[in-house]
Amino acid sequence: MSDKLKDAKIIFVVGGPGSGKGTQCEKVVAKYGYTHLSSGDLLRAEVASGSERGKQLSAIMQKGELVPLDTVLDMIKDAMIAKADVSKGFLIDGYPREVKQGEEFEKKIGPPSLLLYIDAKAETMVKRLMKRGETSGRADDNEETIKKRLDLYYKATEPVIAYYESRGIVRKIDSEASVDEVFSHVAKAIDALK
Ligand SMILES: Nc1ccn([C@@H]2O[C@H](COP(=O)(O)OP(=O)(O)OP(=O)(O)O)[C@@H](O)[C@H]2O)c(=O)n1
Ligand SMILES: Nc1nc2c(ncn2[C@@H]2O[C@H](COP(=O)(O)OP(=O)(O)O)[C@@H](O)[C@H]2O)c(=O)[nH]1
Ligand SMILES: [Mg+2]
């Protein structure tokens, strides 16, 4: 476990693609001053840098597959260490994507105190992503890749929720309502932490 991060408050934000994780995280940042780290955004920044590693990542993301665990975890850890002295807490958005990612995170960084499970129907997620794709410029917001991301979510990521449920830290948030309505439930879950 990392020394600098040993007392960090950690919240995992897990949910399908397009469920509204990023939207809710922004609102948490505004209200609570937590640090938002989206693993997808970290990866996209690497792609945008044009580095050799970015090129490899880009090909994997375009297919809707998972990039190697160590790559994502190292990026998250570096970003956390950079903010450790000033951060009130960390929102880890879009990670863990599979149980193994959660286990490795805990070995290298530490345990989460809460897992926010942002839940929306597959139909809703597809609709939101297709809409987002009109303006996001994301290479993976297209029908074919969305389908693969959804399949992988149900296969690999849903088991993550069951894994942490047994530890009693999962709060399931229904993300079908309006953004503000959803946030009222997110805020309740975070308030209960203190
Ligand atoms: N821990 C992670 C996070 C992301 N990715 C890769 O980055 C892509 C985009 O991730 P992310 O932005 O988190 O996408 P989604 O959750 O699918 O969508 P959203 O931005 O809508 O949350 C994933 O499909 C995957 O290829 C990954 O491999 N491992
Ligand atoms: N109607 C509705 N739309 C939402 C809600 N949350 C997010 N969206 C929209 O759904 C899309 C995906 O949201 P985003 O936060 O990027 O989801 P993520 O993929 O889980 O990070 C965005 O275009 C949002 O505007 C919500 O609670 N209600
Ligand atoms: Mg997102």
Side-chain angles (χ1 to χ4, degrees), residues 12-30 36-48 53-80 91-105 108-109 112 115-158 160-161 172-187:
F12 285 159
V13 184
V14 177
S19 59
K21 302 179 294 293
T23 302
Q24 292 300 321
C25 284
E26 276 175 33
K27 293 184 75 75
V28 173
V29 170
H36 175 207
L37 295 175
S38 158
S39 50
D41 287 350
L42 292 171
L43 291 168
R44 281 186 286 278
E46 181 73 26
V47 171
R53 181 162 78 160
K55 281 177 197 145
Q56 290 163 12
L57 296 176
S58 171
I60 297 170
M61 293 164 75
Q62 172 87 52
K63 286 189 273 182
E65 293 169 4
L66 291 182
V67 311
L69 190 163
D70 292 333
T71 307
V72 196
L73 188 52
D74 286 349
M75 283 180 179
I76 293 175
K77 188 176 173 186
D78 290 348
M80 287 179 78
L91 294 164
I92 309 298
D93 165 7
Y95 186 102
R97 285 293 228 273
E98 54 184 1
V99 171
K100 183 97 178 48
Q101 288 192 358
E103 290 172 343
E104 290 302 312
F105 182 101
K108 287 198 177 171
I109 299 171
L115 186 154
L116 289 173
Y117 166 26
I118 309 296
D119 183 40
K121 288 184 291 193
E123 189 196 329
T124 304
M125 295 192 272
V126 172
K127 224 185 276 167
R128 288 180 186 174
L129 290 173
M130 291 303 289
K131 177 104 186 89
R132 190 177 73 184
E134 292 170 11
T135 54
S136 70
R138 275 180 53 170
D140 57 354
D141 279 347
N142 63 74
E143 205 169 352
E144 194 189 341
T145 311
I146 289 169
K147 190 178 178 312
K148 288 193 196 150
R149 286 154 67 198
L150 268 182
D151 286 348
L152 190 59
Y153 168 71
Y154 290 117
K155 215 183 298 164
T157 311
E158 272 202 344
V160 171
I161 296 158
K172 180 176 176 176
I173 311 284
D174 179 359
S175 181
E176 292 287 336
S178 70
V179 171
D180 289 340
E181 171 75 24
V182 174
F183 182 65
S184 73
H185 297 289
V186 167

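Computed from a prediction, not measured in an experiment: that's the story for all the values here. Read the numbers this way: they start at 1 and go in the same order the structure lists the ligands and their atoms.
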Per-atom contacts, ligand 1 versus [X] - under 4.0 Å to a heavy atom:
{"X": "Tyr95", "result": "1 (N)"}
{"X": "Gly94", "result": "1 (N), 2 (C), 3 (C)"}
{"X": "Glu65", "result": "25 (C), 26 (O), 28 (O)"}
{"X": "Gln101", "result": "1 (N)"}
{"X": "Val72", "result": "1 (N), 29 (N)"}
{"X": "Lys21", "result": "16 (O), 22 (O)"}
{"X": "Leu66", "result": "27 (C), 28 (O), 29 (N)"}
{"X": "Gly18", "result": "21 (O)"}

Between Lys21 (side chain only) and Gly16 (backbone N and O only), is there a donor and an acceptor less than 3.5 Å apart?
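Yes; at least one donor-acceptor contact below 3.5 Å.
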Whether Thr145 side chain and Asn142 backbone form a donor-acceptor pair below 3.5 Å
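Not at all, since once roles are kept as given, no pair shorter than 3.5 Å links the two residues.
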In ligand 2, which numbered atoms sit nearer than 4.0 Å to a non-hydrogen atom of [X]?
{"X": "Gly20", "value": "6 (N), 7 (C), 13 (O), 14 (P), 15 (O), 17 (O), 18 (P), 20 (O)"}
{"X": "Ser178", "value": "27 (O)"}
{"X": "Gly22", "value": "15 (O), 18 (P), 21 (O)"}
{"X": "Gly16", "value": "20 (O)"}

As a test of understanding, state which of Arg128, Arg149, Lys131 forms a side-chain hydrogen bond (donor to acceptor under 3.5 Å, both in side chains) with Asp141.
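With Asp141 as partner, side-chain hydrogen bond (donor to acceptor under 3.5 Å, both in side chains) holds for just one option, Arg149.
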Side chain, backbone, both or neither: which part of [X] comes within less than 4.0 Å of ligand 1 when only heavy atoms are counted?
{"X": "Arg97", "answer": "side chain"}
{"X": "Asp93", "answer": "neither"}
{"X": "Arg138", "answer": "side chain"}
{"X": "Val67", "answer": "both"}

Just distances here: any N/O of [X] and N/O of ligand 2 closer than 3.5 Å?
{"X": "Lys21", "answer": "yes"}
{"X": "Arg132", "answer": "yes"}
{"X": "Val182", "answer": "no"}
{"X": "Ala177", "answer": "yes"}
{"X": "Leu129", "answer": "no"}

Minimum heavy-atom separation for [X] to [Y], with atom names?
{"X": "Ser39", "Y": "Val72", "result": "CB-CG1, 3.7 Å"}
{"X": "Leu91", "Y": "Cys25", "result": "CD1-O, 3.7 Å"}
{"X": "Ala122", "Y": "Tyr154", "result": "CB-OH, 3.4 Å"}
{"X": "Ser38", "Y": "Arg44", "result": "OG-NH2, 4.4 Å"}

Does the side chain of Val14 come within less than 4.5 Å of Ile118's, by heavy atoms?
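Side-chain contact under 4.5 Å: no.
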Got Met61 and Glu65 here, is their nearest side-chain heavy-atom distance under 4.5 Å?
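In short, these two side chains do not touch, never coming nearer than 4.5 Å.
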Spatial distance of atom [atom1] ([X]) from atom [atom2] ([Y]) [nearest 0.5 Å]:
{"X": "Thr23", "Y": "Lys27", "atom1": "OG1", "atom2": "NZ", "value": "9.5 Å"}
{"X": "Ser175", "Y": "Lys121", "atom1": "OG", "atom2": "NZ", "value": "11.5 Å"}
{"X": "Lys148", "Y": "Glu144", "atom1": "NZ", "atom2": "CD", "value": "4.5 Å"}
{"X": "Leu73", "Y": "Asp78", "atom1": "CG", "atom2": "CG", "value": "9.5 Å"}
{"X": "Phe183", "Y": "Ser178", "atom1": "CZ", "atom2": "OG", "value": "12.0 Å"}
{"X": "Ile76", "Y": "Leu42", "atom1": "CD1", "atom2": "CG", "value": "6.5 Å"}

Is it true that the side chains of Glu176 and Thr124 contain a donor and an acceptor less than 3.5 Å apart?
yes
Using non-hydrogen atoms of the residue, decide whether [X] is closer than 4.0 angstrom to ligand 2.
{"X": "Gly40", "value": "no"}
{"X": "Ser19", "value": "yes"}
{"X": "Cys25", "value": "no"}

What protein heavy atom sits nearest [atom], and how far away is it?
{"atom": "atom 3 (C) of ligand 1", "value": "Ser39 OG, 3.2 Å"}
{"atom": "atom 19 (O) of ligand 2", "value": "Gly18 N, 2.8 Å"}
{"atom": "atom 5 (N) of ligand 1", "value": "Leu43 CD1, 3.4 Å"}
{"atom": "atom 14 (P) of ligand 2", "value": "Thr23 OG1, 3.6 Å"}
{"atom": "atom 24 (O) of ligand 1", "value": "Arg149 CG, 3.8 Å"}

Please list every donor-acceptor pair under 3.5 Å in which a side-chain atom of residues 92-99 meets a protein atom from a residue at least two apart or in another chain.
unit_1 : atom_1 : unit_2 : atom_2 : d
Asp93  : OD2    : His36  : NE2    : 2.9
Tyr95  : OH     : Gln101 : O      : 2.7
Arg97  : NH1    : Gly94  : O      : 2.6

Can you list the residues that meet the side chain to side chain contact (heavy atoms under 4.5 Å, CB included) rule with Val126, with sequence neighbours excluded?
Met130, Ile146, Leu150
Tell me whether ligand 1 is touched by Arg132 - counting only heavy atoms on the residue side and a distance under 4.0 Å.
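Under 4.0 Å: yes for Arg132.
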Gly22 to ligand 1, any heavy atom closer than 4.0 Å
no
Using heavy-atom distances only, which candidate in Met125, Arg128, Arg138 approaches atom 8 (N) of ligand 2 most closely?
Arg128
Distance flag for atom 16 (O) of ligand 2, protein heavy atom under 4.0 Å:
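For atom 16 (O) of ligand 2 the answer is yes, since some protein heavy atom falls inside 4.0 Å.
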So, for Phe12 and Phe105, is the gap between ring centers shorter than 6.0 Å?
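Here the rings of Phe105 and Phe12 have centres that are less than 6.0 Å from each other.
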